[in-house]
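Have a look at the structure below, then the notes.
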Amino acid sequence: MSEANIESILHEKRIFPPSSEFSQNAHIKSLKDYQQLYEKAKSDPQTFWAELAQQELDWFQKWDTVLDWQPPFAKWFVNGKINISYNCLDRHLTTWRKNKAALIWEGEPGDSRTLTYAQLHREVCKFANVLKQLGVSKGDTVGIYMPMIPEAAIAMLACARIGAPHSVVFGGFSAEALRDRLNDAQAKVVITADGGFRKDAIVPLKPQVDKALENNAAPSVENVLVVQRTRQQVSMKTGRDHWWHNLEPNASANCPAEPMDSEDMLFILYTSGSTGKPKGVVHTTGGYNLYTHMTTKWIFDLQDTDVYWCTADVGWITGHSYIVYGPLSNGATTLMYEGAPRKSNPGCFWDVVEKYGVTVFYTAPTAIRAFIKMGDSHPKSRNLSSLRLLGTVGEPINPEAWMWYHKVIGGERCPIVDTWWQTETGGVMITPLPGAISTKPGSATRPFPGILADIVDLDGNPVPENEGGYLIVRHPWPGMMRTVYGDPERFRRTYWEHIAPKDGNYLYFAGDGARKDEDGYFWVMGRVDDVINVSGHRLGTMEVESALVSHPAVAEAAVVGKPDEIKGEDIVAFVTLEGGHDAGDDLTKELRKHVTEEIGAIARPGDIRFTDALPKTRSGKIMRRLLRNLAAGQEVSGDTSTLEDRSVLDKLRGGA
Ligand code: 6R9
């Protein structure tokens, strides 16, 4: 961290105000409205959130305390009783929305399905009863390892309905990664599918689950539920494995939502940090429901006529908060797409926009850069005039990509919301409110009302305008993570004591470097810890290093990120070998395969460099900063005086 060089090189001056037409129809209509909300939330956060909780959500029982803050542990809406599945479904059934499309789904092969609120409610109730039949009750954790099909959302909502916390594991993770997560969460049931369709191929899922569970390696798992999607042959273990389509049709459609305590765990979601073991980020019910509801409403400016499409995978926090919970809590129409742009169909996203008249579109900078590379002809040959608002998330967006998005996709009429947030924050933290805040390409602009974000140095002192520092948050907010599952000390250490608390004031440390400009706009520059952001996916260098070192040929490994045109960053691994193993293309291939098996294809190093030794300090720490320079093809800069053996660097430079 002390190695972090957080100097900003961006000096973007262009500014884009929303059109008056957009502002007039928006939920938050002007900068003044935003400022009023911001000031109100700042001066009395508890009243601000309590009023919204009362107005916007349905409670079975009102809370008696808005916030119980015993740093770093927060409880919101203490003793309130609520169910997020009820807020996402049941309450809309007594309104005209009953027969509105809740979920529009498009499969990669071109099949599709639309579920109204009434239909989605029925499916969720039936599936909740299936879970109950299998012995899942309130408090039991359920693993979800699914492709992007409606059953993924149905499974999440069914878990929430009966109070069983879910732990969704991204379908691209390997059997090993799945097993670790199932064990850490002590999952009782796993919900999966035979496979999913992605880039014209079948991604096998059930075989990975079999592998994760083989030899009783995840002993907490009693049952596996399997959705038939791709129809390839899978093996079913009698007594343990069940087809969704055998159980669900016979289940009762009557399943009242369980009144949950505000602070009951809603889900665990694993994310990478700077140490080896992924962290189980814990989110609870009431605060998360409110925070995702409000952010969805004001940032995506949802109106009843909108068709809203977030392209994330449900395996990531963006899928949780902004495909499933936030949009449905608002009674919106949320679109889910199974596939990804691929050689055979580079325009598939724009076909989906045209087919369904998508109005709000939310994607990642890495996707935008890939679209740019595929050429303007694809979006230009489709009718994208339904779009009225665009969003991005996952990493900083470079101004060129922002401008392309603005011109080619947005037709210069759609505001762009660049949303900064994290798995840990539950929902968006820094973002334009599109009718109120003028945008600057590359800036996430201003904090959401109620979010006291700032830039400080390592002592917690605010840094001057336009100077780089560490992004922090000063006051708890309803959507914040509550703890690291099973490890509250890690939660304290990682997020709240990284900058030492002063006079009982705790600062939430986000792990990002940023600066604030003369207009109070935030410019996020990227991670300041050992986390690499590959295509918007967080990977800890330690995780990839551990995977490499678990291969018998590898003695030591150091992993760094290098700038990549499409992915943002790519993984470069520096590897030293055990005696008797030869560096070469075969081993490179084998190691890349090995990392894919251990973690998943997203962690596969783009570049593996064999070397005799790694550059270390006298205390034995690998100097990743030097490796980052080398990986990027730059001259090694900064202080090298702590290097133990200078010749190591010379050899690496010589193209080891
Ligand atoms: C939602 C999500 C979080 C990290 C975060 C930061 C980066 C996300 C960003 C952004 C700049 C944005 N990040 N959005 N950086 N501008 N608009 O992505 O969660 O997977 O936990 O990643 O992603 O570095 O710390 P998560």
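Bear in mind that the values here come from a model prediction, so they are computed numbers and not experimental data. As the structure lists them, so they are numbered: ligands from 1, and atoms in each ligand from 1.
Using modelled atom types and a 3.5 Å distance limit, the side chains of E569 and N533 yield no donor-acceptor pair. The closest side-chain donor-acceptor pair between T284 and E263 falls under 3.5 angstrom.
The closest non-hydrogen atom to atom 11 (C) of ligand 1, taken over G394, G391, P396, comes from P396.
Among protein heavy atoms, the minimum distance from atom 6 (C) of ligand 1 is reached at D512 OD2, 3.0 Å. Here the heavy atom of the protein found nearest to atom 22 (O) of ligand 1 is R538 CD, 3.0 Å. Closest protein heavy atom to atom 12 (C) of ligand 1: E395 O, 3.5 Å. W421 O, 3.7 Å is the protein heavy atom nearest to atom 2 (C) of ligand 1.
The I317 neighbourhood of ligand 1 comprises atoms 1 (C), 19 (O), with distances under 4.0 Å to a heavy atom of that residue. For ligand 1, the atoms sitting less than 4.0 Å from at least one non-hydrogen atom of T419 are 9 (C), 12 (C), 14 (N), 17 (N), numbered in the order shown with element in parentheses. Near T423, the atoms of ligand 1 lying under 4.0 angstrom from a non-hydrogen atom of the residue are 19 (O), 20 (O), 21 (O), 26 (P). The atoms of ligand 1 that sit less than 4.0 Å from any heavy atom of V524 are 11 (C), 15 (N). Taking every non-hydrogen atom of T318 and a distance limit under 4.0 Å, the qualifying atoms of ligand 1 come out as 1 (C). Ligand-side atoms of ligand 1 in range of V393: 1 (C), range being under 4.0 angstrom from any heavy atom. Those atoms of ligand 1 with a heavy atom of N533 less than 4.0 angstrom away are 7 (C), 23 (O).
Under the 30°/60° scheme for interplanar angles, the aromatic rings of F491 and F73 are found to be tilted. Under the 30°/60° scheme for interplanar angles, the aromatic rings of F349 and W309 are found to be tilted. Using cut-offs of 30° and 60° on the angle between ring planes, the pair H320 and H166 is tilted.
Salt-bridge annotation for K13 and E518: present, with a side-chain N of the basic residue lying under 4.0 Å from a carboxylate O of the acidic one.
Within the 4.0 Å heavy-atom criterion, both parts of Q422, backbone and side chain, lie near ligand 1.
Evaluated for a ring-ring contact (aromatic ring centres under 6.0 Å, His included) with W421, the options F522, F448, W477, Y322 yield exactly one hit, Y322.
Surrounding CD of E565 are at most 12 heavy atoms belonging to other residues, nucleotides or ligands under 6.0 Å away. By the 6.0 Å contact criterion, NZ on K297 is enclosed, its count of non-hydrogen atoms from other residues, nucleotides or ligands being greater than 12.
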